[in-house]
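Just so you know, these numbers use all the heavy atoms, side chains as well, and skip hydrogens, waters and symmetry mates.
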Amino acid sequence: MAEYKIGYIDTYHSDRNVFIGGALVTDCYGIPLEFRHTDAVSPTKLEQILYGRSLDKYLKADTLANALLKDLEKKPDLLVVPDESYYTLTRNYPFPFVQLGTVRREPLAKPGDFQEVSENEIHLQILSNREPVRIKVDRKNAPTLASVKAMILEIGRTMDIVEPFDRVRGALRAIADDAGRS
Amino acid sequence: MSPRIIPTRKVSLAREFKTRTARFAAGGDVRAVPVPLIAPQFSISAVTPSPAPPAMKFAFGREELTIRKIGFSKPVMPKIRKVQIQQRKSVEGHKVRIESARKIETSYSAMIDGKPVTLEMFDLKHVPYPEISEIIRTLAEKNDVSYSQVKLIGIFAPIPTELIRSTHIDPFAGKLMLNLKRRAKKGKPRCVRIAFGRLRTNDKIVQCVLPLN
(Lines give C-alpha, C1' and ligand atoms only; values in the text may rest on other atoms or scores of the structure.)
Protein backbone atom coordinates (compact mmCIF):
# COMPACT_ATOMS: atom_id res chain seq x y z
CA MET A 1 0.00 0.00 0.00
CA ALA A 2 1.30 3.44 -0.95
CA GLU A 3 1.85 5.91 1.86
CA TYR A 4 -0.41 8.63 0.64
CA LYS A 5 -0.41 12.12 2.08
CA ILE A 6 -3.75 13.85 2.14
CA GLY A 7 -4.16 17.61 2.30
CA TYR A 8 -7.11 19.50 3.74
CA ILE A 9 -7.60 23.18 3.14
CA ASP A 10 -10.22 25.51 4.52
CA THR A 11 -10.90 29.13 5.36
CA TYR A 12 -12.51 30.49 8.47
CA HIS A 13 -14.51 33.70 8.25
CA SER A 14 -15.16 35.13 11.68
CA ASP A 15 -17.98 37.44 12.76
CA ARG A 16 -15.46 40.27 12.97
CA ASN A 17 -14.82 39.95 9.21
CA VAL A 18 -11.47 38.24 9.68
CA PHE A 19 -10.39 35.56 7.21
CA ILE A 20 -7.87 32.88 8.17
CA GLY A 21 -6.81 30.06 5.91
CA GLY A 22 -5.42 26.76 7.10
CA ALA A 23 -4.01 23.64 5.48
CA LEU A 24 -3.40 20.29 7.12
CA VAL A 25 -1.44 17.42 5.63
CA THR A 26 -1.96 14.03 7.23
CA ASP A 27 -0.59 10.57 6.61
CA CYS A 28 -2.89 7.75 5.61
CA TYR A 29 -3.90 7.21 9.28
CA GLY A 30 -5.01 10.78 9.78
CA ILE A 31 -1.95 11.71 11.84
CA PRO A 32 -0.91 15.32 11.20
CA LEU A 33 2.30 15.83 9.26
CA GLU A 34 2.07 19.56 8.78
CA PHE A 35 -0.38 22.27 9.67
CA ARG A 36 0.01 25.80 8.40
CA HIS A 37 -2.23 28.79 8.72
CA THR A 38 -2.17 32.27 7.29
CA ASP A 39 -2.19 35.65 8.97
CA ALA A 40 -5.58 37.03 9.77
CA VAL A 41 -6.71 39.02 6.74
CA SER A 42 -9.38 41.62 7.21
CA PRO A 43 -10.65 43.23 4.01
CA THR A 44 -11.30 46.95 4.28
CA LYS A 45 -14.60 48.58 3.40
CA LEU A 46 -13.07 49.80 0.14
CA GLU A 47 -11.92 46.31 -0.80
CA GLN A 48 -15.32 44.91 -0.02
CA ILE A 49 -16.89 47.45 -2.40
CA LEU A 50 -14.29 46.96 -5.14
CA TYR A 51 -14.35 43.17 -5.07
CA GLY A 52 -18.07 42.83 -4.44
CA ARG A 53 -19.34 39.30 -4.60
CA SER A 54 -16.01 37.96 -5.81
CA LEU A 55 -14.25 38.95 -2.59
CA ASP A 56 -14.99 35.68 -0.85
CA LYS A 57 -13.73 33.55 -3.72
CA TYR A 58 -10.74 35.80 -4.30
CA LEU A 59 -9.69 35.70 -0.67
CA LYS A 60 -10.25 31.97 -0.25
CA ALA A 61 -8.62 30.67 -3.39
CA ASP A 62 -6.33 33.23 -4.99
CA THR A 63 -4.98 34.69 -1.80
CA LEU A 64 -5.13 32.39 1.23
CA ALA A 65 -5.13 28.94 -0.39
CA ASN A 66 -2.49 29.93 -2.91
CA ALA A 67 -0.17 31.19 -0.18
CA LEU A 68 -0.72 28.05 1.89
CA LEU A 69 -0.16 25.58 -0.93
CA LYS A 70 3.01 27.36 -1.99
CA ASP A 71 4.41 27.32 1.53
CA LEU A 72 3.53 23.71 2.41
CA GLU A 73 6.70 21.70 2.85
CA LYS A 74 4.96 18.34 2.59
CA LYS A 75 3.03 18.37 -0.64
CA PRO A 76 -0.07 16.18 -0.56
CA ASP A 77 -1.01 13.51 -3.10
CA LEU A 78 -4.61 14.61 -2.88
CA LEU A 79 -6.11 17.89 -1.71
CA VAL A 80 -9.55 17.90 -0.13
CA VAL A 81 -11.32 21.23 -0.57
CA PRO A 82 -14.58 22.38 1.03
CA ASP A 83 -16.17 23.91 -2.06
CA GLU A 84 -15.78 24.61 -5.76
CA SER A 85 -14.17 28.02 -5.38
CA TYR A 86 -10.75 26.36 -4.97
CA TYR A 87 -10.92 24.62 -8.35
CA THR A 88 -9.42 27.68 -10.05
CA LEU A 89 -6.07 26.68 -8.55
CA THR A 90 -5.99 23.12 -9.92
CA ARG A 91 -3.89 24.03 -12.96
CA ASN A 92 -1.13 25.43 -10.73
CA TYR A 93 -0.58 22.29 -8.68
CA PRO A 94 0.26 18.71 -9.63
CA PHE A 95 -2.16 16.99 -7.22
CA PRO A 96 -5.93 16.56 -7.73
CA PHE A 97 -8.45 18.73 -5.87
CA VAL A 98 -11.48 16.89 -4.58
CA GLN A 99 -14.63 17.58 -2.56
CA LEU A 100 -15.64 14.89 -0.07
CA GLY A 101 -18.69 14.36 2.05
CA THR A 102 -20.86 11.70 3.59
CA VAL A 103 -24.04 10.83 1.74
CA ARG A 104 -27.15 10.24 3.80
CA ARG A 105 -28.38 7.16 1.96
CA GLU A 106 -28.41 3.39 2.16
CA PRO A 107 -24.99 1.76 1.83
CA LEU A 108 -24.08 0.16 -1.48
CA ALA A 109 -23.68 -3.64 -1.61
CA LYS A 110 -19.97 -4.00 -0.89
CA PRO A 111 -16.79 -1.94 -0.44
CA GLY A 112 -15.51 -0.60 -3.75
CA ASP A 113 -18.97 -0.30 -5.25
CA PHE A 114 -19.82 3.13 -6.55
CA GLN A 115 -22.66 4.95 -8.15
CA GLU A 116 -22.08 7.61 -10.77
CA VAL A 117 -23.98 10.79 -10.01
CA SER A 118 -22.57 12.86 -12.86
CA GLU A 119 -19.47 12.85 -15.03
CA ASN A 120 -17.45 14.40 -12.20
CA GLU A 121 -19.19 13.02 -9.10
CA ILE A 122 -19.64 9.53 -7.63
CA HIS A 123 -20.84 7.90 -4.42
CA LEU A 124 -18.25 5.38 -3.25
CA GLN A 125 -18.71 2.63 -0.69
CA ILE A 126 -15.49 2.43 1.34
CA LEU A 127 -16.43 0.31 4.36
CA SER A 128 -19.32 -2.12 4.77
CA ASN A 129 -22.46 -0.95 6.56
CA ARG A 130 -21.49 2.69 6.35
CA GLU A 131 -22.92 5.55 4.32
CA PRO A 132 -21.09 6.00 1.02
CA VAL A 133 -18.69 8.90 0.51
CA ARG A 134 -19.45 11.56 -2.05
CA ILE A 135 -16.45 12.30 -4.29
CA LYS A 136 -16.54 15.28 -6.61
CA VAL A 137 -13.80 16.70 -8.78
CA ASP A 138 -13.65 19.72 -11.03
CA ARG A 139 -15.60 19.20 -14.27
CA LYS A 140 -12.43 19.87 -16.27
CA ASN A 141 -10.65 17.12 -14.34
CA ALA A 142 -13.42 14.54 -14.70
CA PRO A 143 -11.01 12.05 -16.38
CA THR A 144 -8.97 11.93 -13.14
CA LEU A 145 -11.97 10.67 -11.16
CA ALA A 146 -11.06 6.99 -11.63
CA SER A 147 -7.57 7.42 -10.17
CA VAL A 148 -8.92 9.62 -7.36
CA LYS A 149 -11.49 6.94 -6.54
CA ALA A 150 -8.80 4.24 -6.29
CA MET A 151 -6.70 6.45 -4.01
CA ILE A 152 -9.63 7.30 -1.73
CA LEU A 153 -10.72 3.68 -1.50
CA GLU A 154 -7.27 2.76 -0.24
CA ILE A 155 -6.99 5.66 2.18
CA GLY A 156 -10.54 5.05 3.45
CA ARG A 157 -9.49 1.61 4.74
CA THR A 158 -7.05 3.22 7.20
CA MET A 159 -8.72 6.48 8.22
CA ASP A 160 -11.98 8.39 8.14
CA ILE A 161 -11.16 10.53 5.14
CA VAL A 162 -13.68 13.28 5.92
CA GLU A 163 -12.86 13.71 9.61
CA PRO A 164 -9.69 15.88 9.44
CA PHE A 165 -11.77 18.75 8.08
CA ASP A 166 -13.32 19.16 11.51
CA ARG A 167 -9.87 19.44 13.06
CA VAL A 168 -8.83 22.12 10.57
CA ARG A 169 -12.00 24.11 11.20
CA GLY A 170 -11.65 23.81 14.95
CA ALA A 171 -8.02 24.98 14.81
CA LEU A 172 -8.85 27.94 12.56
CA ARG A 173 -11.68 28.99 14.83
CA ALA A 174 -9.33 28.91 17.82
CA ILE A 175 -6.72 30.98 15.97
CA ALA A 176 -9.32 33.52 14.85
CA ASP A 177 -10.62 33.84 18.40
CA ASP A 178 -7.09 34.42 19.66
CA ALA A 179 -6.50 37.03 16.94
CA GLY A 180 -9.76 38.75 17.88
CA ARG A 181 -8.78 38.91 21.54
CA SER A 182 -5.31 40.32 20.99
CA MET B 1 -91.22 80.02 -45.53
CA SER B 2 -93.71 78.89 -42.96
CA PRO B 3 -93.00 79.65 -39.33
CA ARG B 4 -91.69 76.85 -37.19
CA ILE B 5 -93.96 75.16 -34.75
CA ILE B 6 -92.91 75.99 -31.28
CA PRO B 7 -93.50 73.25 -28.75
CA THR B 8 -95.72 74.11 -25.89
CA ARG B 9 -95.33 73.14 -22.31
CA LYS B 10 -98.04 72.06 -20.01
CA VAL B 11 -97.81 73.72 -16.69
CA SER B 12 -99.54 72.17 -13.75
CA LEU B 13 -101.79 74.53 -11.96
CA ALA B 14 -101.42 72.74 -8.73
CA ARG B 15 -97.83 73.95 -8.64
CA GLU B 16 -98.72 77.28 -7.19
CA PHE B 17 -101.18 76.02 -4.57
CA LYS B 18 -100.78 77.41 -1.15
CA THR B 19 -102.14 75.68 1.85
CA ARG B 20 -103.83 77.32 4.68
CA THR B 21 -104.46 76.08 8.07
CA ALA B 22 -107.90 76.47 9.56
CA ARG B 23 -108.50 76.60 13.15
CA PHE B 24 -111.37 74.63 14.54
CA ALA B 25 -113.00 76.14 17.45
CA ALA B 26 -114.60 73.75 19.76
CA GLY B 27 -118.09 73.22 18.47
CA GLY B 28 -117.67 75.85 15.70
CA ASP B 29 -118.90 75.53 12.13
CA VAL B 30 -116.58 74.68 9.41
CA ARG B 31 -116.69 77.04 6.50
CA ALA B 32 -115.34 76.73 3.06
CA VAL B 33 -112.66 79.24 2.31
CA PRO B 34 -112.22 80.24 -1.31
CA VAL B 35 -108.67 79.78 -2.46
CA PRO B 36 -107.69 81.99 -5.36
CA LEU B 37 -105.95 80.24 -8.20
CA ILE B 38 -102.99 81.93 -9.78
CA ALA B 39 -103.30 82.15 -13.51
CA PRO B 40 -100.80 80.11 -15.51
CA GLN B 41 -97.92 82.11 -16.91
CA PHE B 42 -97.13 80.89 -20.32
CA SER B 43 -97.41 82.24 -23.86
CA ILE B 44 -97.05 81.12 -27.40
CA SER B 45 -94.87 83.13 -29.68
CA ALA B 46 -93.95 82.70 -33.31
CA VAL B 47 -90.23 82.74 -34.17
CA THR B 48 -89.23 83.69 -37.64
CA PRO B 49 -85.74 82.53 -38.68
CA SER B 50 -83.28 85.06 -40.15
CA PRO B 51 -83.00 84.99 -43.95
CA ALA B 52 -80.14 82.95 -45.55
CA PRO B 53 -77.02 84.96 -46.55
CA PRO B 54 -76.87 85.77 -50.31
CA ALA B 55 -74.46 83.68 -52.43
CA MET B 56 -71.40 85.55 -53.82
CA LYS B 57 -69.45 84.82 -56.92
CA PHE B 58 -65.68 85.09 -56.87
CA ALA B 59 -63.88 85.89 -60.07
CA PHE B 60 -60.37 84.48 -60.52
CA GLY B 61 -57.95 86.76 -62.33
CA ARG B 62 -55.59 85.62 -65.07
CA GLU B 63 -52.53 87.47 -63.85
CA GLU B 64 -49.30 85.44 -63.74
CA LEU B 65 -47.66 85.02 -60.44
CA THR B 66 -44.12 86.24 -60.46
CA ILE B 67 -41.43 84.38 -58.55
CA ARG B 68 -38.66 86.44 -57.23
CA LYS B 69 -35.25 85.15 -56.29
CA ILE B 70 -34.05 86.55 -53.08
CA GLY B 71 -30.35 86.19 -52.53
CA PHE B 72 -28.97 85.45 -49.14
CA SER B 73 -25.65 86.83 -48.19
CA LYS B 74 -23.02 84.35 -46.97
CA PRO B 75 -23.06 83.93 -43.29
CA VAL B 76 -20.11 85.28 -41.54
CA MET B 77 -18.15 82.45 -39.96
CA PRO B 78 -17.67 82.97 -36.31
CA LYS B 79 -14.12 83.22 -35.26
CA ILE B 80 -12.84 80.64 -32.78
CA ARG B 81 -10.58 81.92 -30.20
CA LYS B 82 -8.32 79.75 -28.17
CA VAL B 83 -9.00 80.20 -24.54
CA GLN B 84 -6.06 79.60 -22.34
CA ILE B 85 -6.90 77.35 -19.42
CA GLN B 86 -4.46 77.32 -16.65
CA GLN B 87 -3.67 73.67 -15.98
CA ARG B 88 -2.60 72.45 -12.64
CA LYS B 89 1.03 71.61 -12.87
CA SER B 90 0.75 68.38 -10.90
CA VAL B 91 -2.26 66.21 -10.31
CA GLU B 92 -2.00 64.08 -7.24
CA GLY B 93 -3.23 60.52 -7.70
CA HIS B 94 -4.08 58.15 -4.91
CA LYS B 95 -3.28 54.54 -5.53
CA VAL B 96 -5.64 52.27 -3.70
CA ARG B 97 -3.67 49.35 -2.43
CA ILE B 98 -5.67 46.21 -2.06
CA GLU B 99 -4.56 44.95 1.27
CA SER B 100 -5.43 41.35 0.58
CA ALA B 101 -3.32 41.31 -2.58
CA ARG B 102 -0.10 41.58 -0.62
CA LYS B 103 1.95 38.52 0.15
CA ILE B 104 0.18 36.55 2.79
CA GLU B 105 2.48 35.13 5.40
CA THR B 106 1.85 31.59 6.55
CA SER B 107 3.17 29.98 9.65
CA TYR B 108 3.59 26.43 10.89
CA SER B 109 1.51 25.46 13.87
CA ALA B 110 1.67 22.41 16.10
CA MET B 111 -1.76 22.97 17.58
CA ILE B 112 -3.33 20.11 15.62
CA ASP B 113 -0.55 17.66 16.48
CA GLY B 114 -1.97 16.86 19.88
CA LYS B 115 -5.60 16.86 18.81
CA PRO B 116 -7.30 13.48 18.95
CA VAL B 117 -8.75 11.86 15.87
CA THR B 118 -12.51 11.73 16.27
CA LEU B 119 -14.48 8.90 14.72
CA GLU B 120 -18.23 8.82 14.37
CA MET B 121 -19.97 5.55 15.15
CA PHE B 122 -21.71 3.50 12.51
CA ASP B 123 -25.37 4.15 11.99
CA LEU B 124 -26.75 0.92 13.41
CA LYS B 125 -29.75 0.99 11.12
CA HIS B 126 -27.34 0.19 8.26
CA VAL B 127 -25.87 -2.79 10.15
CA PRO B 128 -27.81 -6.03 9.61
CA TYR B 129 -29.36 -7.46 12.77
CA PRO B 130 -27.48 -10.83 12.63
CA GLU B 131 -24.22 -8.89 12.68
CA ILE B 132 -25.35 -6.77 15.63
CA SER B 133 -26.41 -9.94 17.43
CA GLU B 134 -23.04 -11.55 16.76
CA ILE B 135 -21.21 -8.51 18.12
CA ILE B 136 -23.33 -8.51 21.32
CA ARG B 137 -22.63 -12.22 21.75
CA THR B 138 -18.87 -11.61 21.37
CA LEU B 139 -19.00 -8.83 23.97
CA ALA B 140 -20.94 -11.07 26.37
CA GLU B 141 -18.55 -14.01 25.99
CA LYS B 142 -15.50 -11.82 26.54
CA ASN B 143 -16.93 -10.47 29.77
CA ASP B 144 -18.50 -13.72 31.05
CA VAL B 145 -22.01 -12.35 31.11
CA SER B 146 -25.18 -13.40 29.38
CA TYR B 147 -26.30 -11.99 26.07
CA SER B 148 -29.09 -10.01 27.63
CA GLN B 149 -26.68 -8.31 30.06
CA VAL B 150 -24.93 -6.39 27.25
CA LYS B 151 -26.20 -3.23 25.60
CA LEU B 152 -24.42 -2.27 22.39
CA ILE B 153 -23.21 1.35 22.32
CA GLY B 154 -21.67 1.53 18.86
CA ILE B 155 -19.17 0.35 16.30
CA PHE B 156 -16.23 2.45 15.13
CA ALA B 157 -13.79 1.99 12.24
CA PRO B 158 -11.15 2.15 10.90
CA ILE B 159 -8.85 2.08 13.93
CA PRO B 160 -5.11 1.48 13.56
CA THR B 161 -4.60 -0.68 16.66
CA GLU B 162 -0.81 -0.37 16.90
CA LEU B 163 -1.00 3.42 16.89
CA ILE B 164 -3.51 3.81 19.71
CA ARG B 165 -2.19 5.60 22.75
CA SER B 166 -5.58 6.06 24.42
CA THR B 167 -9.24 6.11 23.55
CA HIS B 168 -12.18 7.98 24.96
CA ILE B 169 -15.75 7.23 24.03
CA ASP B 170 -18.59 9.72 24.23
CA PRO B 171 -21.65 7.47 24.14
CA PHE B 172 -24.11 10.37 24.05
CA ALA B 173 -22.49 12.10 21.06
CA GLY B 174 -21.67 8.74 19.47
CA LYS B 175 -18.02 9.70 19.05
CA LEU B 176 -14.74 8.00 19.78
CA MET B 177 -11.64 10.09 20.41
CA LEU B 178 -8.36 8.42 19.52
CA ASN B 179 -5.00 9.64 20.69
CA LEU B 180 -2.61 8.21 18.15
CA LYS B 181 1.14 7.74 18.19
CA ARG B 182 3.08 9.17 15.31
CA ARG B 183 4.61 5.89 14.16
CA ALA B 184 4.14 2.21 14.79
CA LYS B 185 7.12 0.38 16.33
CA LYS B 186 7.44 -1.93 13.41
CA GLY B 187 5.52 -2.68 10.27
CA LYS B 188 2.30 -1.22 9.10
CA PRO B 189 -0.55 -0.81 11.57
CA ARG B 190 -3.48 -3.16 11.25
CA CYS B 191 -6.83 -1.42 10.93
CA VAL B 192 -9.82 -2.94 12.71
CA ARG B 193 -13.36 -2.23 13.89
CA ILE B 194 -13.99 -1.79 17.59
CA ALA B 195 -17.41 -2.38 19.13
CA PHE B 196 -18.32 -0.83 22.48
CA GLY B 197 -21.02 -2.07 24.81
CA ARG B 198 -22.31 -1.38 28.31
CA LEU B 199 -22.93 -4.04 30.93
CA ARG B 200 -26.39 -3.60 32.35
CA THR B 201 -25.33 -4.88 35.79
CA ASN B 202 -22.69 -2.28 36.64
CA ASP B 203 -22.71 0.21 33.69
CA LYS B 204 -19.16 -0.80 32.82
CA ILE B 205 -18.14 -0.04 29.25
CA VAL B 206 -16.65 -3.06 27.47
CA GLN B 207 -15.15 -3.44 24.03
CA CYS B 208 -14.12 -6.01 21.47
CA VAL B 209 -12.03 -5.90 18.32
CA LEU B 210 -13.55 -7.04 15.04
CA PRO B 211 -12.01 -7.44 11.63
CA LEU B 212 -12.53 -4.64 9.12
CA ASN B 213 -14.80 -5.51 6.27
Side-chain angles (χ1 to χ4, degrees), chain A residues 1 3 19 21-24 26-39 41-44 46-47 50-51 55 58-59 62-64 66-73 102 104 106-107 110-111 126-131 156-160 162-164 166-168 170-171 174-175, chain B residues 94 96-132 135 155-165 175-184 188-193 210-213:
Chain A
M1 193 181 81
E3 289 267 324
F19 286 81
L24 169 71
T26 71
D27 67 1
C28 59
Y29 300 102
I31 297 168
L33 298 174
E34 184 180 354
F35 175 65
R36 295 192 85 84
H37 65 86
T38 64
D39 291 344
V41 174
S42 187
T44 61
L46 182 61
E47 288 169 19
L50 291 174
Y51 281 81
L55 179 72
Y58 173 78
L59 269 177
D62 296 344
T63 309
L64 302 176
N66 213 14
L68 285 164
L69 293 175
K70 275 181 185 162
D71 291 358
L72 275 179
E73 286 169 15
T102 310
R104 296 284 167 213
E106 288 293 307
K110 60 180 190 297
I126 297 176
L127 295 175
S128 292
N129 308 328
R130 275 222 106 144
E131 297 93 342
R157 304 284 296 173
T158 55
M159 67 179 279
D160 181 348
V162 184
E163 181 271 335
D166 294 337
R167 279 186 273 163
V168 177
I175 295 165
Chain B
H94 292 279
V96 178
R97 181 176 170 79
I98 304 297
E99 191 69 14
S100 51
R102 67 185 157 83
K103 170 79 176 95
I104 301 291
E105 295 292 329
T106 67
S107 44
Y108 176 85
S109 171
M111 69 184 301
I112 281 189
D113 289 1
K115 294 257 178 190
V117 173
T118 309
L119 292 179
E120 276 190 28
M121 70 178 184
F122 280 46
D123 190 344
L124 291 179
K125 75 177 178 195
H126 297 319
V127 184
Y129 185 72
E131 199 171 330
I132 291 176
I135 291 167
I155 307 162
F156 300 87
I159 298 169
T161 46
E162 283 86 352
L163 294 180
I164 295 175
R165 186 178 287 147
K175 289 184 175 176
L176 178 71
M177 270 76 88
L178 294 172
N179 280 308
L180 298 176
K181 290 181 259 182
R182 283 211 159 266
R183 275 278 152 219
K188 285 182 179 172
R190 183 172 58 106
C191 287
V192 295
R193 281 186 301 163
L210 307 161
L212 196 68
N213 56 1

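- Checking side-chain atoms of A:Arg157 against main-chain N and O of B:Pro158 turns up no donor-acceptor pair under 3.5 Å.
- Contact count against chain A (heavy-atom pairs under 4.5 Å) is highest for B:Leu212 among B:Leu212, B:Asp123, B:Asp113, B:Leu124.
- Going from atom CD1 of B:Ile104 over to atom CG of A:Leu68 covers 9.5 Å, rounded to the nearest 0.5 Å.
- Proximity of B:Pro160 to A:Thr158: side-chain heavy atoms (C-beta onward) are nowhere separated by under 4.5 Å.
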Full working for side-chain contact (heavy atoms from CB on, under 4.5 Å) between A:Thr38 and B:Glu105: CA-CA 6 Å; A:Thr38 64; B:Glu105 295 292 329; over 6 Å; no
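- To the nearest 0.5 Å, the span separating CD1 on B:Ile112 from CZ on A:Arg167 amounts to 7.0 Å.
- For the pair A:His37 and B:Ser107, the minimum side-chain heavy-atom distance is below 4.5 Å.
- Note: B:Leu178 CG to A:Asp160 CG = 10.5 Å, rounded to the nearest 0.5 Å.
- Among the candidates A:Gly156, A:Ala67, A:Ser128, the residue making the largest number of heavy-atom pairs closer than 4.5 Å to chain B is A:Ser128.
- Using a 4.5 Å cut-off between heavy atoms, B:Glu120 touches chain A through backbone and side chain atoms alike.
- Interatomic distance, A:Met159 CE to B:Leu119 CG, rounded to the nearest 0.5 Å: 9.5 Å.
- Proximity of B:His126 to A:Arg130: side-chain heavy atoms (C-beta onward) are nowhere separated by under 4.5 Å.
- In this structure, no portion of A:Asp166 lies under 4.5 Å from any heavy atom of chain B.
- Atom OH of A:Tyr29 and atom CG of B:Leu180 lie 11.0 Å apart (nearest 0.5 Å).
- Note: A:Asp71 CG to B:Tyr108 OH = 14.0 Å, rounded to the nearest 0.5 Å.
- Contact of A:Leu24 with chain B is made through the side chain alone, with heavy-atom distances under 4.5 Å.
- Taking A:Gly30, A:Pro164, A:Pro107 one by one and counting their heavy-atom pairs under 4.5 Å with chain B, the maximum is reached by A:Pro107.
- Closest heavy-atom contact between A:Ile31 and B:Lys181: CD1-O, 3.0 Å.
- Each of B:Arg193, B:Lys125, B:Glu131 was checked for a side chain to side chain donor-acceptor pair (under 3.5 Å) with A:Asn129, and the lone residue meeting it is B:Glu131.
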